> 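First the structure, then my questions, so here it is.
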Amino acid sequence: MAASSQNTSSSRALRDAQLIDSSGAWAKQARTAASERAQAAGLPQRRDEYWKYTRPDAFVQADVTLQSSLRKSLEIFHQRTTVLVTFEDGKIQSSALPSAAHCTLESLASASSLDLHWARDIYGRLEAAGQTPVQRSLAAVNTAVAREGLMLNVTGAVAAPIHIHATSSGQTDAIIHNVIQVAAGAEVTLIETGQYGARTNSVLEVDVADGGRFHHIRVQDGDERHLLTHIFGKIGAEATFKSFTLTAGGQLTRNECVLQLLGDDASVSVAGACLGDGRFHHDDTVFITHDAVNCESRQVFKKVLRNGAVGVFQGKILVKAGAQKTDGYQISQSLLLDDDSQFLAKPELEIYADDVACSHGSTSGAIDAQALFYLRSRGVPEAQAVDLLTLSFVAEAIEEIDDANLAQDILDHLTETLSAR
Amino acid sequence: MLNIKNLHVKLEEEDKQILKGVNLSLEPGKVHAIMGPNGSGKSTLSYVLSGKGGYEVTDGTAQLEGVDILDMEAEERAAAGLFLAFQYPVEIPGVGNMTFLRTAVNAQRKLRGEEEMSAGEFLKVVRAKAKDLKIDAEMLKRPVNVGFSGGEKKRNEILQMAMLEPKMCILDETDSGLDVDAMKLVAQGVNALRDDKRTFLVITHYQRLLDHIKPDVVHIMANGRIIKTGGPELALEVENNGYADLLEETA
Ligand SMILES: Nc1ncnc2c1ncn2[C@@H]1O[C@H](COP(=O)(O)OP(=O)(O)OP(=O)(O)O)[C@@H](O)[C@H]1O
Ligand SMILES: [Mg+2]
């Protein structure tokens, strides 16, 4: 059954004439340019090197035939005060958009109906900049046809996290495009929970100006759902960008993150922890470009896999000529709980500056027998001991989260997820 | 308390016999010490008793309070009251010491069909016991044994023992890596747990520990067997003369 309700374009369409016609001037231009980008690039193919470990088919086929439901991942942060933005079946609930000090929240629909809007400098621009050296055509498709999204303009320190919670039922095909502008010296935390659709193509563009701070915490649950996400970030001088993703469910997930460090002394971190069980394919694809002096970037990915689950990591650090004093760290590790599961990693460094410190490592391993015995000798039953060692394994990724309360919420959710399985 | 009869153990992976007929009988309330040359099988004995994998018992029995333990899982032995203070305590990054202790205490209680300890009560007890061992709040919060000094790791083992209140405590070289003051602290910790029911098996290379934890019986282990058993004076003899004479006697 095809899931094409009136407002949702198929993931395959590279152009939405009706949408372009109804767009304001800036959006008309952005959407037209994106559909040209997408057409020039073509949809990803199985033979593409860039899709070597994950088949793109599920993201480009015409129909959604997934029956997806969702566990209650809103409650993860229920103890925290947040500014809640909700999406239902791929549509932002714009009538219920909240307000908060030092920021404005709008829907993409309302922003794109105007001829002039601040999002003009970001929407599709960061995505376009992220199309080299590899083409991410599904992100261009997203820019071209997305109708739904949150436009968040941050002008100061926003006290409570902005929390997007998405719910969907049945076979929704969601295309979401969120844009965030963090002004110089401003700060915000974005939380994303739930699922936009049974199949989702989401893009998040974030422009962090000099001295700005952006924190992103995301929980990806769900059962049958297929999810493709792109983050495109542009980071200014002395700015901070930190994104953490916990994936605790879902059949197919590909999270791409493309960051450009353009100002000196900036610092970024992209981290992820995933728990895969059975029919589970999880791909983290990261590309970080250092194009300024004295910047730090960290990639920390931990995947726990069992019952045939597959984990993929493609991570690259590109240090451009002149990006001296770069400090790049990249680690991707998997904990394989049985022989059926698989981890495929392709870590890459490309360095054109001479005064840099970059380290990367990738490992695959089983539970440490010595540690397991230590725990059991203290009376902890085997299954519980394995859970504890699993938490121990992913801890390094969770430690990338700055806010201790939110990190604790993530840890609690993980503990609960583990003990429930 | 613990009765070991004719225990023969080989490595699972290779044909290497390590314990070649160990006999030991430990009565309730007593402290037994085992000394012996490197590689004689002391740690292996402690591992086999506490249920570590990789070994095969080819003959003999071990009973805790009359119950065979060699077929039990490691956690079941722990719940039955057996505790091993490791020669090399294991580091567990990302798991707080406190979380670990509480998980262990409650897991044992659950296995025994007892009620779990409340968070409040646990905190009170652990703080008091940690204080006696000069383990500060910061060390309790840190991940299990990660970045602990050698001496801190050993004190942490004793803290676990104090929290779990086992009946049968095996201490494998708990004195190694301890400075003089830490040794006294650890000995105090052990002595505080001594009563007329709890039994200790203390593996050590040095008489020094036995000055603080006075043993009732001293065994000498060599080449996978107990070759001599005596009183505290046996430890002094080893300290003064080494193992050469003893080994010759039994050769
Ligand atoms: N898993 C193993 N693989 C190979 N050899 C082993 C293994 N476990 C024990 N052994 C061997 O068994 C013998 C006894 O070792 P064990 O650690 O029990 O000695 P020990 O008496 O505790 O020595 P130490 O005083 O040095 O601690 C040694 O020769 C050791 O190398
Ligand atoms: Mg030893």
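The structure presented is a predicted model; accordingly, all values stated were derived computationally and were not measured. Protein chains get the first letters and strands the later ones, always in sequence-line order, with residue 1 at the start of each.
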> Select one option (side chain, backbone, both, neither) describing which atoms of B:V144 are under 4.5 Å from chain A's heavy atoms.
side chain
> Which residues pass the side-chain hydrogen bond (donor to acceptor under 3.5 Å, both in side chains) test with A:D402, not counting sequence neighbours?
A:K242
> Just grab all the salt bridge (charged side-chain N to carboxylate O under 4.0 Å, His left out) pairs involving residues 328-344 of chain A, residues at least two apart or on different chains.
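Output for this query is empty, none listed.
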> ring-ring contact (aromatic ring centres under 6.0 Å, His included): which pairs involve residues 145-166 of chain B, sequence neighbours left out?
none
> Is a donor from one side chain sitting under 3.5 angstrom from an acceptor on the other, for A:R298 and A:S269?
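A:R298 vs A:S269: no donor-acceptor pair found between side chains.
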> Is the closest side-chain donor-acceptor distance between A:H165 and A:T193 under 3.5 Å?
yes
> If you take all heavy atoms of B:P89 and B:F86, which pair is closest and at what distance?
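Nearest pair, atom of B:P89 first, then B:F86: CD-O, 3.7 Å.
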> Begin with the C-alpha distance, continue with both residues' side-chain angles, and end with the deciding distance and a verdict on side-chain contact (heavy atoms from CB on, under 4.5 Å) for A:E192 and A:V219.
CA-CA 6 Å; A:E192 277 184 281; A:V219 178; over 6 Å; no
> Looking at A:L375, A:V394, A:I398, A:L411, which makes the most heavy-atom pairs under 4.5 Å with chain B?
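The candidate making the most pairs under 4.5 Å is A:L375.
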> Of the backbone (N, CA, C, O) and the side chain (C-beta and beyond), which part of A:L389 lies under 4.5 Å from a heavy atom of chain B, both, or neither?
side chain
> Please determine, among A:A395, A:A371, A:P381, the option with the most heavy-atom pairs under 4.5 Å with chain B.
A:P381
> Could you show, one pair per line, the donor-acceptor contacts under 3.5 Å between chain A and chain B?
residue, atom, partner, partner atom, Å
A:Q370, OE1, B:K52, NZ, 3.1
A:Y374, OH, B:N145, ND2, 3.3
A:Y374, OH, B:E157, OE2, 2.3
A:Y374, OH, B:Q160, NE2, 3.1
A:R376, O, B:E75, N, 3.4
A:R376, NE, B:E75, OE1, 2.6
A:R376, NH2, B:E73, OE1, 2.7
A:R376, NH2, B:E75, OE1, 3.1
A:R376, NH2, B:E75, OE2, 3.4
A:R378, O, B:Q108, NE2, 3.0
A:R378, NE, B:Q160, OE1, 2.5
A:R378, NH1, B:L84, O, 2.7
A:R378, NH2, B:L84, O, 2.9
A:R378, NH2, B:E157, OE1, 2.7
A:R378, NH2, B:Q160, OE1, 3.4
A:E382, N, B:E75, OE2, 3.3
A:S392, OG, B:P93, O, 2.5

> For B:I92, which atoms come within 4.5 Å of any heavy atom of chain A: side chain, backbone, both, or neither?
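Both backbone and side chain of B:I92 come within 4.5 Å of chain A.
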> Which atom pair, heavy atoms only, marks the closest approach of B:L159 to B:A130?
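Nearest pair, atom of B:L159 first, then B:A130: CD1-N, 3.7 Å.
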